[in-house]
Enquirer: 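Below is a structure I'd like to ask you about.
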Amino acid sequence: MRHTIMATAFSLIAASAAAETPVLSIYTYDSFVADWGPGPLIEAAFEETCDCDLQFTGAGDGAALLARIRLEGAHSDADVVLGLDTNLMDAAEQTGLFAPHGITVPELDLPVGWEDQVFLPFDWGYFAFVYNTDMTDVPGSFTELAASDARIVIQDPRSSTPGLGLLMWVSAAYGDAAAGIWEGLADNVVTVTPGWSTAYDLFLEGEADMVLSYTTSPAYHLIAEEDDSKAAAAFEEGHYLQVEVAGLLANSDQPDLARDFLAFMLTEPFQAVIPTTNWMYPAALPADHLPEGFETLMTPDRALLFDPATAAATRAEALDIWLTALSQ
Amino acid sequence: MADRAQPVTLLHALGGFVAAGVALAILGPLVAVALRAEAGAQLGAADWSAIRFTLLQALLSAVLSVGLAIPVARALARRVFPGRRLLVTLMGAPFILPVIVAVFGLLAVFGRNGWISQALGLIGLPPIEIYGLHGLVLAHIFFNLPLAVRLFLQGWLAIPAERARLAASLGFTPRDIARHFEWPMLRATAPGAFLVIFLICTTSFAVALTLGGGPNATTVELAIYQAFRFDFDLGRAAMLGLVQVAICAVAGLLVLRVAVPRVIGTGLDRPPMRWEAFATRGRASDALAITVAALFLLLPLAALVGKGLMAVTGVPVSVWEAALRSLGLAISSAALAVALAFPMAALMARRARTGLEMIGALSIAVSPLVIGTGAFLILQPVANPVSLALPITGLVNAMMSLPFLLRALIPALQEAETSQGRLADSLGLGGFNRLRHAILPRVRGPLGFGAGLAAALSMGDLGVIALFSSPAQGTLPLEMYRLMGSYRTDDAQGAALLLLCLSLALFWAFDRGGRLRAAS
């Protein structure tokens, strides 16, 4: 009798093991996986097609995400990492932990070309200074901003990806003259915050006239809150892009599933949820498919972006310039 | 006291064991990070200026917090008025709030668009400027004044009633009282309070950056952040982690040199004295101290309540789930903290205790980022750190509250031993019976206070969970940050109010014993 029970038990365990659906593990940043973020919708949409269990794991922001992957190294459970940006791509590739995506890239809706063999973009946005529309004399460039008495709040590049993006923006726009711009901006900076959310909250609380954010930020207020009092200032130098990317890990135990996901990432079910959950532009959805409200957003005349290698090479010097100018 | 022959009991042996375990659990991760690092890490000029700034702001913050707490605690100790209990509990709230919540409360009052600036604007004056070193110190006082007040309040109320009554009948002047009662108590309590607050301020990061105004306000903790996340330089992160431990060790040695053992006479178990009998002359100054402190601490909280109230009923379901998870975590963490602290405190109440004191203070000196990263490195080969996120967070939170529990428990245990020990010895009371009849009744207040602090701190903590978390394990603070990171500021304010209420409720529930004593 006892043998029968044990045999039954074992066969049940064996059966459940065989029937176990494959698990695809994706590491991403925190706000992506929140209940109101894109994560749950994307999980449901992909699981309909893949006969698998998609599991998201949140790890701070983009920089923390890369640090997490580096910590875990080859032992990582992750199959896909989603949420790095072009400023982190070089360091990510240098780890040797990522494998080429091997996917024929469909036509993308990016303001720049995309040829990377390892990382694929899933959304993008322009950095911009966001202000309340009752502001008078909105600056139209960094030089005007520096000359004005507008009070801005920015993020620290050492602890946040938008902060790093602003460093790259000033470098891309001004090159060797970046130091002068930062010296001019020093007296406009109310304070520097550890991350985007603190800065944005300070702005909403009226502590500053402008905050470093994205051209898409006003879309949130307009669409989710029916509030059209926020706008992004157009700078004539052009606006630096943040392109958010995903890549698959070389040590993934589900490489085929991971590739399927990356291909899925650039299809409509994924891309369509991005604008109103992640509040960024989708990387592969034609502009006329954007939700109502996005047409009101400011679109820059010029897109600025360093390629990953240049961004990596520029970083240390740009940080030095920033630290020196703001420590006066 | 140390001269008396005393048996080493099971409790004391356990204390030594726990202390060793705690030291290992804190230093182990640091070593793990250092081992994983590539050789050749060096501290640069920027690191040294971060160290200087860290020390400067921590010193200013600790001196001012402790200095300002003395008149407030004194006033609270010798005045009885309606709502006093509630005020004492509410005034403790800033300390247990997540940093960013408290900062936004402060800004609602002191910010450029805050109440004071708006009032100034009405009479044509420019707004006050909160960003910079002074803003940072103001915020640290806001956080730590309540802690210092409570530690001193415990001290004042521990002065035996019989002695005060005797002093009153002998016609002591306020000066005599200060010399015979208050000064010795302050000498015994103030160095520890200073040390704890100094250490809390050395690990400041989000406050320093947000209110410090810019890169000048770089602390060691931010440098660790940078080393880890910007450069992924584990060697520099570990070295900076060691610098923080060294700062803790040096500060600890300096402070403990001036600390003196507690010498306070024995009293019988009677309600504490009514200080107001001595203090008719101090009525006005006491009222002033209490009013100013209450306004300073409560107005920002009122602002948070005002903002969160509209939003709290509409927060997403995941926030309530996270709140439940956080409650469970906080209660287990408090239980664990008491289990760790009690034997350690019992041992430290008996022995020369510099080394132990350092271990007790170590947990606030080590960067949560380094502990979390190290724990990750240690666990990864044997288990999935993500699945252990909540237990690890509970353990680290328990260790983080050890210094506060020890601060509150040690003097109480010493006094219990001094006053009841001989009697217990003569009655042959040992082991559990001694604990139950002679010791516990006298340390119930500080124990409740400490457990309440531990629970509330754990409730609001965002240290380690952020490194490990998966979506299903979000704690309430983490959920609040996720809301902030998705533009949902109103919901985040609702979540912050929920967090404030739950933390206070937890603190209140545990602290009841202490409040009963403090109120009578």
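For clarity, every value in this text was computed on a predicted model and none was experimentally measured.
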Enquirer: Around A/E47, counting heavy atoms of other residues, nucleotides and ligands shown, do more than 12 lie under 6.0 Å from its CD?
Expert: yes

Enquirer: Under the side-chain contact (heavy atoms from CB on, under 4.5 Å) rule, collect the residues that match up with A/S76, sequence neighbours excluded.
Expert: A/Y27, A/I69, A/E72, A/A78, A/L249

Enquirer: Supply the atom-to-atom distance B/T489 OG1 to A/Y220 OH, rounded to the nearest 0.5 angstrom.
Expert: 7.0 Å

Enquirer: Could you check whether atom CE of A/M135 has more than 12 heavy atoms from other residues, nucleotides or ligands sitting under 6.0 Å from it?
Expert: yes

Enquirer: Which one, A/D156, A/V153, A/V189, A/V190, leads in non-hydrogen pairs under 4.5 Å with chain B?
Expert: A/V190

Enquirer: For the interface with chain A, which of B/V317, B/L483, B/L211 has the highest count of heavy-atom pairs at distances below 4.5 Å?
Expert: B/L483

Enquirer: So which of B/S49, B/G111, B/A46 has the biggest tally of heavy-atom pairs under 4.5 Å with chain A?
Expert: B/G111

Enquirer: Between B/R112 and A/E205 (salt bridge meaning N to carboxylate O under 4.0 Å), is one present in this structure?
Expert: no

Enquirer: Can you check whether A/D35 reaches B/P316 side chain to side chain, under 4.5 Å on heavy atoms?
Expert: no

Enquirer: CZ of B/F232 to CD of A/Q94: how many Å apart, nearest 0.5 Å?
Expert: 14.5 Å

Enquirer: State, to 0.1 Å, how close A/G206 and B/N113 come at their nearest heavy-atom pair, and which atoms those are.
Expert: O-CB, 3.5 Å

Enquirer: Heavy-atom distance under 4.5 Å to chain B: side chain of A/S217, backbone, both or neither?
Expert: both

Enquirer: Could you tell me which portion of A/N278 (side chain, backbone, both or neither) has an atom closer than 4.5 angstrom to a non-hydrogen atom of chain B?
Expert: neither

Enquirer: Given that the side chain runs from C-beta out, which part of A/L88 has a heavy atom under 4.5 Å from chain B: side chain, backbone, both or neither?
Expert: neither

Enquirer: Find the distance between CG (B/L107) and CG (A/D201) and round it off to the nearest 0.5 Å.
Expert: 10.0 Å

Enquirer: Which bit of B/E321 comes within less than 4.5 Å of chain A, counting heavy atoms only: side chain, backbone, both or neither?
Expert: neither

Enquirer: Can you name the salt bridge (Lys or Arg N to Asp or Glu O under 4.0 Å) partners of A/R70, sequence neighbours left out?
Expert: none

Enquirer: Measure the spacing between CG of A/L202 and CZ of B/F104 and express it to the nearest 0.5 Å.
Expert: 4.0 Å

Enquirer: State the CG-CZ distance between B/D231 and A/R315, to the nearest 0.5 angstrom.
Expert: 5.5 Å

Enquirer: How close do A/V192 and B/G214 get, counting heavy atoms only, and between which atoms?
Expert: CG2-CA, 3.7 Å

Enquirer: Backbone N or O of B/T210 within a donor-acceptor pair of the A/T193 side chain at under 3.5 Å?
Expert: no

Enquirer: Looking only at heavy atoms, which of residues 218-227 of chain B get nearer than 4.5 Å to chain A?
Expert: B/T218, B/L222, B/Y225, B/Q226

Enquirer: Among A/F32, A/Y29, A/Y200, which residue has the highest count of heavy-atom pairs closer than 4.5 Å to chain B?
Expert: A/Y200

Enquirer: Do you know which two heavy atoms are closest between A/P194 and B/A206, and how far apart they sit?
Expert: CG-CA, 3.9 Å

Enquirer: Could you tell me the separation between the CG atom of A/D30 and the CE atom of B/M484, rounded to the nearest 0.5 Å?
Expert: 13.0 Å

Enquirer: Return the option, out of A/S159, A/S160, A/G39, A/A63, with the maximum number of heavy-atom pairs under 4.5 Å with chain B.
Expert: A/S159

Enquirer: For B/R229, is there an ion pair with A/D61 - N to carboxylate O distance below 4.0 angstrom?
Expert: yes

Enquirer: Go through it in stages, so that I can follow the logic: the residues are B/Y487 and A/W36, the test is ring-ring contact (aromatic ring centres under 6.0 Å, His included), and I'd like the CA-CA distance, side-chain angles, deciding distance and then a yes or no.
Expert: CA-CA 11 Å; B/Y487 293 96; A/W36 46 86; over 10 Å; no

Enquirer: With A/L297, which residues qualify under side-chain contact (heavy atoms from CB on, under 4.5 Å), at least two apart?
Expert: A/T216, A/P218, A/A219, A/Y281, A/F294

